[in-house]
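What you see is a predicted model; the values in this text were computed from it and never measured. In the text below, chain A, chain B and the rest are named by the order of the sequence lines, each starting its count at 1.
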Amino acid sequence: MKPLSNKEIAYLLYEISVFYTMKDVPFKPMAYERASDAIESLKESVRDIYERGGMKALEEIDGVGKGIAEHLENLLKTGRLPEYDHLKKEFPVEVHELSEVPGVGAQTIKTLWKKLGIKNVAELEKAAKEGLVSKIKGFGVKTEQKILEGIAFMRSSGGRHLLGAVLPEARALEDTIKKFSGVEDALVCGSVRRRRETIGDIDIIAIGTDAEKIMAQFVALPGVAHIYGQGATKTNIRFGNGIDADLRVVPKRSFGAAVNYFTGSKSHNIALREIAQEKGWKLNEYGLFKRQATRPNDLSRSVGRAGDKRQGEGWEFVAGKTEKELYEKLGLSYIEPELREMTGEIEAAREGKLPALVGYHDLKGDLQTQTDWTDGADSIEDMARAAHTAGLEYIVITDHTRSLAMTGGADEAKLHRQMKEIEKLNAKFSQLPSPRIQLLSGAEVNIKKDGSLDIDDETLATLDCVGAAVHSHFTLEKKEQTERVIRAMKNPHVDIIFHLTGRLINRRKPIELDIDEVIATAKRTGTVLEIDAFPDRLDLNDEYIRKCVNAGVKMSIDSDAHSTEHFAVLEYGIAQARRGWATKEDIINTLSAHDLLTKLKKPKELRWK
DNA sequence: GCCGTTTTCGGCCCGACTGTTTTCAGTCG
């Protein structure tokens with residue numbers, strides 16, 4: 001039996017939470033949901049945690065106490081969760097797919113089950129089309145229509161978009177909104193601002209005085225395909241390209257609080273609110289508030305339709321204009337958006353131990369680029385010029401090697417010819433005022449099934465910088481795959497392992513590796529692990545980067561450029577490195593060409609001491 | 001069910017929007 005992943009375990013707990021909501025059991029749903037969230041964001045597998053420290057270690061997981069720890073133990077030992085089975089028997093409904101329909105939550109699922117016996121989306125769609133849903137008390141024609149639209153939308157998009165696809169759109173949208181009449185400032189928040197690998201939707205906060213006028217301009221944008229909701233301060237739309245966007249308008253003094261709230265992550269926000277609460281304060285998207293001395297009770301919960309509430313009645317505004325002052329008032333140092341994932345950033349901020357993250361302008365070189373010598377689109381010279389325009393001082397030319405026949409991979413002779421060409425170009429550039437760019441020779445050497453390389457050591461020794469990568473046999477068993485990669489790392493001429501796991505986000509799974517053993521070998525041999533910045537690779541992921549940082553293993557951030565436009569993707573690699581808590585010192589291509597070459601001339605195992 | 005600088009009881013993040021119904025429940029982020 002395949003062991004359950006954290007995601008699957010988290011999902012079971014989430015379903016239990018929904019079941020208890022359906023049963024109207026108080027507080028248990030929240031407890032299960034919190035445990036579910038915590039487990040989903042764990043970096044270590046529940047199984048490993050249990051094997052490492054038993055029940056005690058399980059109970060140390062946020063939101064997991066004695067009860068849920070026992071469930072987990074049961075699940076790990078028997079593969080079953082009696083409480084879940086029991087609840088599922090009572091409500092034999094597909095919570096997973098039903099709750100993915102926008103607008104359908106626990107209470108709706110319960111009502112649909114009780115009144116119409118609906119168990120899944122197909123039955124819901126049928127019932128809605130027959131007009132049965134609108135006949136239920138509390139439901140109407142609009143709700144029924146919304147459910148049908150929700151099902152259609154769910155099918156049309158599904159899944160998350162790559163950061164690389166969304167970020168340019170988000171920036172363009174931000175610029176457009178900044179130019180709206182009545183808008184003073186705007187900022188993209190949400191998972192885009194945290195630079196997650198994949199993005200659900202675009203969240204934008206704007207400061208403005210006439211919110212309704214701003215919303216009217218927003219929904220009138222070209223490309224708007226659907227309006228989910230339009231209110232006085234919050235509007236939610238979908239563009240024709242399948243990307244959803246939320247716009248929220250707030251007063252100027254609340255900009256920082258709103259930006260913080262809508263940047264997330266959700267669990268980070270909850271932690272901040274709890275810190276505020278501990279101090280007897282209140283944190284929401286309008287600011288940080290403390291109770292007014294003369295008004296002991298919270299009067300802000302006045303009745304009336306949403307939007308009529310008078311914010312802050314009985315509460316005194318403490319902070320909210322900037323995020324920095326919010327964190328400061330809460331006794332924390334400022335936390336960069338890329339770190340707000342509840343992986344220890346709150347504790348580090350409290351103790352002033354947050355890392356100085358590698359900056360978006362810190363890269364001086366790019367150690368993986370392909371040219372028209374193999375499967376790249378442009379010449380070495382054009383790539384050099386483009387790299388210079390992108391602000392780089394040097395690039396390594398790393399065309400594919402011979403086993404990759406489909407790319408016209410280079411053999412030893414071709415590599416030697418290319419080295420001559422690089423020399424010639426360097427001589428030419430040194431005569432010109434521009435571009436000031438240095439070319440280094442290299443290769444993306446293929447790691448064969450047994451871990452040997454497809455270029456001889458003599459040739460590798462003459463190259464400035466050698467990367468090796470897996471391009472085949474992606475499905476080897478973990479042990480064999482790990483040994484294969486480790487053998488390549490032990491080659492004294494292999495400076496870097498490119499895109500270690502070979503994953504393609506949403507398309508190809510990562511190869512199976514014992515990551516701790518790989519990282520330990522990288523440390524011992526002085527092999528650098530690359531963060532491939534291409535949007536569908538982002539390989540290493542943030543978790544592995546953090547492991548490298550902690551182990552003192554050096555990394556590079558490379559574009560994997562196959563054309564002159566691709567140097568722009570370096571930004572995504574830097575974002576990924578920041579999400580993995582990497583500093584400038586962890587990334588070797590923040591060094592100058594001279595310093596890097598000096599390092600590369602030393603024996604591998606002594607280089608990074 | 002979880003949790004503790006009000007720690008073994010008694011709380012549990014917070015607000016906007018929609019639909020449906022006259023004061024609120026449900027969903028979402």
Side-chain angles (χ1 to χ4, degrees), chain A residues 13 16-18 20-22 24-38 59-72 83 98-112 133-134 136-147 150 189-191 200-201 203 205 211 215 227-236 244 246-250 254 257-258 261-289 298 300-312 315 331:
Chain A
L13 296 177
I16 291 176
S17 136
V18 174
Y20 277 125
T21 310
M22 289 166 75
D24 291 320
V25 175
F27 302 114
K28 274 194 188 189
M30 181 164 34
Y32 277 96
E33 198 180 334
R34 291 194 111 184
S36 169
D37 285 348
E59 284 185 48
E60 276 166 18
I61 300 170
D62 261 349
V64 174
K66 206 159 177 293
I68 292 180
E70 275 169 15
H71 289 329
L72 294 176
E83 188 182 13
L98 283 169
S99 61
E100 268 179 25
V101 178
V104 174
Q107 297 304 335
T108 305
I109 292 173
K110 174 174 135 186
T111 307
L112 291 168
V133 173
S134 58
I136 304 172
K137 186 163 184 278
F139 288 59
V141 177
K142 275 197 166 178
T143 303
E144 187 171 76
Q145 203 50 41
K146 230 181 118 182
I147 285 173
C189 300
S191 52
D201 63 358
D203 295 300
I205 298 293
M215 294 310 182
I227 301 168
Y228 294 104
Q230 181 178 358
T233 69
K234 181 181 161 185
T235 292
N236 191 355
D244 291 342
D246 281 7
L247 177 64
R248 188 89 181 231
V249 177
V250 297
S254 301
Y261 179 57
F262 282 94
T263 295
S265 64
K266 192 178 170 188
S267 50
H268 177 92
N269 287 340
I270 290 174
L272 293 183
R273 286 183 176 194
E274 284 171 352
I275 294 172
Q277 250 190 350
E278 283 164 18
K279 295 178 187 288
W281 298 345
K282 179 175 81 166
L283 177 63
N284 59 30
E285 58 263 56
Y286 296 103
L288 185 62
F289 300 87
D298 177 3
S300 69
R301 286 181 166 276
S302 58
V303 290
R305 200 172 168 81
D308 294 344
K309 287 179 187 172
R310 293 285 167 265
Q311 267 300 321
W315 292 87

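The side chain of R248(A) sits closest to dA16(B) out of dT20(B), dG1(B), dA16(B). In the set dC17(B), dG29(B), dC14(B), dC14(B) carries the atom at the smallest distance from any side-chain atom of R273(A). Each of dG29(B), dG1(B), dC17(B) was ranked by its minimum atom distance to the side chain of I68(A); first place goes to dG1(B). Here the side chain of A31(A) is nearest to one of dG15(B), dG1(B), dC13(B), namely dG1(B).
One finds no side-chain N or O of Y32(A) lying less than 4.0 angstrom from the OP1 or OP2 phosphate oxygen of dC2(B). Between T233(A) and dC17(B) there is a side-chain polar atom (N or O) within less than 4.0 angstrom of OP1 or OP2. Contact between the side-chain N/O atoms of K234(A) and the OP1/OP2 oxygens of dA16(B) is not found at any separation under 4.0 Å. Phosphate contact (OP1/OP2 of dT27(B), side-chain N/O of T108(A), threshold under 4.0 Å): present. At dG15(B), one or more side-chain N or O atoms of K282(A) fall inside 4.0 Å of OP1 or OP2 (strictly under the cut-off).
Put simply, CD1 on I275(A) is 16 Å from P on dC3(B), counting in whole angstrom units. Look at CG on N236(A): it is 10 Å from P on dT18(B), rounded to the nearest Å. For the pair F262(A) CZ and dC13(B) P, the interatomic distance rounds to 18 Å; values are reported in whole Å. Atom NZ in K266(A) sits about 15 Å away from atom P in dG15(B), given to the nearest Å. In this structure, CZ of F139(A) is placed 18 Å from P of dT18(B), rounded to the nearest angstrom. Between the CZ atom of F289(A) and the C1' atom of dC13(B) there is a distance of 15 Å, given to the nearest Å. Here dG1(B) presents its C1' atom at 15 Å from CD1 of I61(A), a figure rounded to the nearest Å. Summarising the geometry, the separation between CD on Q107(A) and C1' on dG19(B) is reported as 16 Å, rounded to the nearest angstrom.
Annotation: dC13(B) and dT20(B) have their C1' atoms spaced 27 Å apart (nearest Å). With P as the reference atom, dG11(B) and dT7(B) are 14 Å apart, rounded to whole Å. Between dT21(B) and dG26(B), the two C1' atoms lie 14 Å apart (nearest whole Å). Distance noted for atom P between dT5(B) and dG1(B): 23 Å (whole Å). Taking atom P in both dT23(B) and dC17(B), the straight-line distance is 22 Å, to the nearest Å. Nucleotides dG15(B) and dC9(B) are separated by 29 Å at their C1' atoms, to the nearest Å.
Of the possible donor and acceptor atoms, one in the side chain of E144(A) sits under 3.5 Å from a partner among the backbone N and O of V133(A). Between the side chain of S36(A) and the backbone N or O of Y32(A), no donor-acceptor pair lies under 3.5 Å. Of the possible donor and acceptor atoms, none in the side chain of S134(A) sits under 3.5 Å from a partner among the backbone N and O of V141(A).
Contacts of A276(A) with the nucleic acid, taken as non-hydrogen atoms under 4.0 Å apart, are absent. At a threshold of 4.0 angstrom between heavy atoms, the contacts of V101(A) are confined to the sugar-phosphate backbone, with no base atom among them. Among the atoms of the strands shown, none is found under 4.0 Å from any heavy atom of V250(A). Among the heavy atoms of the strands lying under 4.0 Å from V104(A) are primed sugar atoms or P, OP1, OP2 only; no base atom is included.
Residues satisfying the side chain to side chain contact (heavy atoms under 4.5 Å, CB included) criterion with E278(A), sequence neighbours excluded, are absent altogether. K266(A) is linked by a salt bridge (charged side-chain N to carboxylate O under 4.0 Å, His left out) to nothing, counting only residues two or more places apart in sequence or in another chain. Shown here are the side chain to side chain contact (heavy atoms under 4.5 Å, CB included) partners of A35(A), two or more places apart in sequence or in another chain: L13(A), V64(A), I68(A). Evaluation of the ring-ring contact (aromatic ring centres under 6.0 Å, His included) rule for Y261(A) yields no partner, not counting sequence neighbours. Applying the side chain to side chain contact (heavy atoms under 4.5 Å, CB included) rule to R34(A) yields the partners M30(A), I270(A), E274(A); only residues at least two apart in sequence or on another chain are considered.
Ranked by how close their nearest DNA chain B nucleotide is to the 5' end, Y228(A) and G105(A) are led by Y228(A). Annotation: of the two residues near DNA chain B, G103(A) and N269(A), the 5′-most nearest-nucleotide partner is N269(A).
In this entry dC14(B) has dG29(B) as its Watson-Crick or G-U wobble partner, both defining distances falling under 3.5 Å.
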Show me the protein contacts with nucleotides 4-12 of chain B, counting only N or O atoms at under 3.5 Å.
none

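Rounded to the nearest 0.5 angstrom, I136(A) CD1 and T143(A) OG1 are separated by 9.5 Å.
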